[in-house]
Amino acid sequence: MQVIFKELTICFEEILKDNLKKHEKKEEFAKIRKNLINQASKEEFGDYQCNICLVLSKIYKKNPREIAIEFVQTLKKNKKISILCEDLEIAGPGFINIKLKKNILIQEIKSNIKCPRVGIPLSKNNTHAPEKVIVDFSSPNIAKEMHVGHLRSTIIGDSISKVFELRGYNVLRLNHIGDWGTQFGMLITQLKDIYSNNLEKINKIKISDLVEFYKASKKRFDNEKEFQNRSREEVVKLQSGDKKSIQAWKLLCNQSRKEFDQIYKILNIKIKERGESFYNPFLKSIIEDLDSKKILKEDQGAKCVFLDGMKNKEGNPLPLIIQKNDGGFNYATTDLAAIRYRFNKEPDGDSAKRIIYVTDHGQSSHFAGVFQVAKRANWIPEFCELNHVPFGLVQGIDGKKLKTREGDTIKLKDLLSESVKRAKEDLLKRLENENRHETDAFISNTSRAIGIGAVKYADLSQNRITNYQFSFEKMLSLNGNTAPYLLYTLVRISGINRKNNMSEDDINSESISYSNDIEWKLIRKLLKFDEVIISIEKDLMPNRLCNYLFELCQTFNRFYDQVPILKGEIDTKISRLTLCTLTEKTLRLSLEILGIESLDRM
Ligand code: ARG
């Protein structure tokens with residue numbers, strides 16, 4: 001209903017302008033025009049709400065209700081408004097409740113049902129050349145565990161990318177893998193020691209447990225002086241492009257990549273790898289660039305930028321270290337090079353308009369610092385935007401760090417397969433209770449879709465900023481705001497479709513009409529879909545879609561329980577089937593955005 005919302009807003013703006021002029025307060029318009037109309041805070045208030053008369057009351061020094069009476073009178077004379085609105089009602093101290101005409105709502109339903117994007121408009125920025133949005137997410141580190149934090153980033157980043165794709169942006173999903181840095185010195189030295197320098201053979205060697213390998217080399221690095229020295233030399237060799245060192249580095253990266261790809265396959269994630277090493281050639285010029293712009297300061301041999309408005313624990317200005325005193329570069333240096341590159345030098349000639357970073361909130365001050373330096377260095381072009389999308393920790397049900405029963409950190413693969421295993425147990429129980437027989441293929445596919453979908457949904461449905469407690473029991477439940485509940489609703493609709501003998505053409509008929517309260521409730525919910533998606537594009541909060549879907553499914557299930565769908569007169573039947581179809585389309589598209597597989601039976 002974005003289009004209608006915009007039309008209404010324009011009418012209200014015009015009338016507000018005239019009203020201000022009449023009271024000789026024209027100049028106030030720019031200040032108070034923002035959010036002139038909002039979604040109604042409660043269903044019974046109608047579709048939208050306007051609170052401007054309370055604001056005007058302070059400006060005119062007059063009773064808000066009196067202002068509202070005058071305002072509504074003028075609104076009602078407006079042609080467009082009388083076409084769109086059934087009623088404008090003054091409520092409380094001077095709110096205006098706006099109810100749209102039923103035929104307008106039905107028109108919207110009809111147009112959304114024909115639309116493959118279920119009424120989601122393309123962003124107006126994309127009607128000519130689509131704008132490029134970069135989503136930097138997942139980004140695990142070579143030779144280290146991909147942990148639950150990376151899992152959250154992967155799930156949230158994927159769904160944010162999908163929202164932008166749906167809105168017609170040119171989305172570049174980037175995996176900023178940690179594949180560069182001093183730790184490679186010790187890893188390569190260890191590799192050379194173990195395989196007695198025979199690096200020609202190294203491509204055939206398997207490092208079955210890279211994480212153990214990492215730990216072992218770290219231990220040596222911390223305890224053996226000689227190993228430490230060789231590791232430092234190795235870093236220099238690697239950075240100068242020594243053939244053998246590069247070969248060893250590639251081997252390590254490949255091994256890790258294989259591990260990560262397994263997880264991406266299970267989660268069905270598409271992402272382009274462009275790791276930290278990619279920016280290595282640009283690091284030196286970052287220093288030069290910052291230096292020439294007079295932002296860089298030397299502090300105890302390190303090159304840093306002192307951040308405005310950010311202080312350390314002692315209350316001193318916080319430095320962002322760009323080059324350490326040993327000449328090495330930092331995580332932040334690479335991020336600065338990445339920003340400059342992404343805004344100015346994308347290889348397809350198409351530079352980003354917006355870059356979105358999805359990491360845990362522990363990195364918030366890192367990004368605040370990096371964004372500030374990029375801004376001061378003038379690397380952010382006009383009308384371009386940088387966003388950090390922070391999220392909280394994943395905890396066990398005890399509120400502590402997520403661990404196995406034995407107290408070890410949980411491997412992602414194990415976590416996902418545990419969820420699938422439990423989904424299968426639930427499914428088998430259900431089949432037994434209902435005395436149903438299904439093939440093995442059905443059972444394994446269904447439990448996989450439910451198990452993986454449940455983990456994703458549990459993550460996405462939380463307000464990402466808070467920590468969330470990981471509970472298989474809750475996320476796999478058929479009741480509550482869970483993936484199984486949404487899937488179950490979808491399965492219900494598929495069940496209706498199987499029993500229905502009408503074709504889609506019959507259903508697109510003109511004879512749609514509604515008489516029941518619950519039907520109107522469902523219609524109003526369905527028509528909010530585009531507003532939810534657009535708000536996610538703005539605020540990057542996928543949980544809004546989950547909350548919406550939960551409410552949509554609750555409303556649909558009430559509708560399903562209260563009115564017979566396939567039994568009534570032909571027109572009633574068509575009208576109700578239309579609502580089923582639109583609910584189904586909305587659900588399918590939304591699940592797709594959330595990266596969850598749809599099911600027809602479960
Ligand atoms: N590799 C980092 C980590 O594991 C995340 C990288 C996020 N992206 C970035 N451009 N800094 O914490």
Side-chain angles (χ1 to χ4, degrees), residues 132-158 160-161 171-184 187 210-211 214 218 249 252-253 256-257 259-261 263-264 267 269 271-280 282-283 286 320-322 329-346 351-352 354-375 377 379-380 384-394 401-402 409-412 464 540:
K132 183 175 213 154
V133 174
I134 292 181
V135 187
D136 175 319
F137 69 100
S138 194
S139 309
N141 304 311
I142 296 293
K144 284 200 196 161
E145 194 86 68
M146 185 170 179
H147 53 68
V148 278
H150 296 122
L151 180 71
R152 282 207 91 176
S153 170
T154 308
I155 293 170
I156 296 171
D158 181 51
I160 288 179
S161 303
V171 179
L172 177 59
R173 304 153 156 255
L174 283 186
N175 205 354
H176 191 81
I177 284 192
D179 64 354
W180 204 247
T182 45
Q183 76 274 23
F184 282 93
L187 290 169
L210 260 187
V211 179
Y214 189 99
K218 177 90 176 70
W249 169 72
L252 288 165
C253 293
S256 281
R257 206 172 280 131
E259 295 283 314
F260 302 154
D261 283 347
I263 304 283
Y264 295 139
L267 296 174
I269 303 292
I271 188 164
K272 184 184 160 81
E273 183 179 326
R274 199 192 268 171
E276 293 187 25
S277 63
F278 178 88
Y279 304 97
N280 189 43
F282 312 115
L283 299 181
I286 287 292
L320 188 76
I321 301 177
I322 314 287
F329 300 109
N330 268 340
Y331 180 50
T333 326
T334 304
D335 262 327
L336 287 170
I339 289 179
R340 197 179 61 170
Y341 187 91
R342 292 165 180 182
F343 274 140
N344 303 293
K345 282 209 220 111
E346 279 295 313
S351 297
R354 187 168 178 185
I355 312 177
I356 295 165
Y357 296 82
V358 189
T359 78
D360 66 288
H361 63 47
Q363 300 198 33
S364 295
S365 65
H366 162 77
F367 283 110
V370 165
F371 293 174
Q372 184 190 114
V373 175
K375 186 153 190 263
W379 291 331
I380 311 175
C384 290
E385 201 183 333
L386 284 166
N387 305 118
H388 179 221
V389 175
F391 54 79
L393 303 173
V394 184
K401 212 176 151 199
L402 195 64
T409 48
I410 294 189
K411 289 212 165 77
L412 288 191
R464 59 171 164 74
L540 311 169

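Count residues from 1 along the sequence. Each ligand, and each atom within it, is numbered from 1 in the order the structure gives.
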Sorted by chain and residue number, the side-chain contact (heavy atoms from CB on, under 4.5 Å) partners of Ala352 (sequence neighbours excluded) come out as Ile134, Phe343, Ile355

For ligand 1, protein residues within the heavy-atom limit of under 4.0 Å are Asp136, Ser139, Asn141, His150, His176, Tyr331, Asp335, Tyr357, Thr359, Gln363, Phe367

Rounding to 0.5 Å, atoms CG (Asp136) and CZ (Arg342) come to a distance of 4.5 Å

Without placing hydrogens or testing angles, list every side-chain donor-acceptor pair under 3.5 Å for residues 362-370, not counting sequence neighbours.
unit_1: Gln363; atom_1: OE1; unit_2: Tyr331; atom_2: OH; d: 2.6
unit_1: Ser364; atom_1: OG; unit_2: His361; atom_2: O; d: 2.8
unit_1: His366; atom_1: NE2; unit_2: Asp335; atom_2: OD2; d: 2.8

Residue set satisfying side-chain contact (heavy atoms from CB on, under 4.5 Å) with Glu385, at least two apart, ordered chain then number -> Arg354, Asn387

Kindly assign one of parallel, tilted or perpendicular to the pair Phe371 and Tyr357, based on the angle between their ring planes and the thresholds 30° and 60°. tilted

In this structure, CD1 of Ile271 is separated from OH of Tyr264 (nearest 0.5 Å) by 5.5 Å

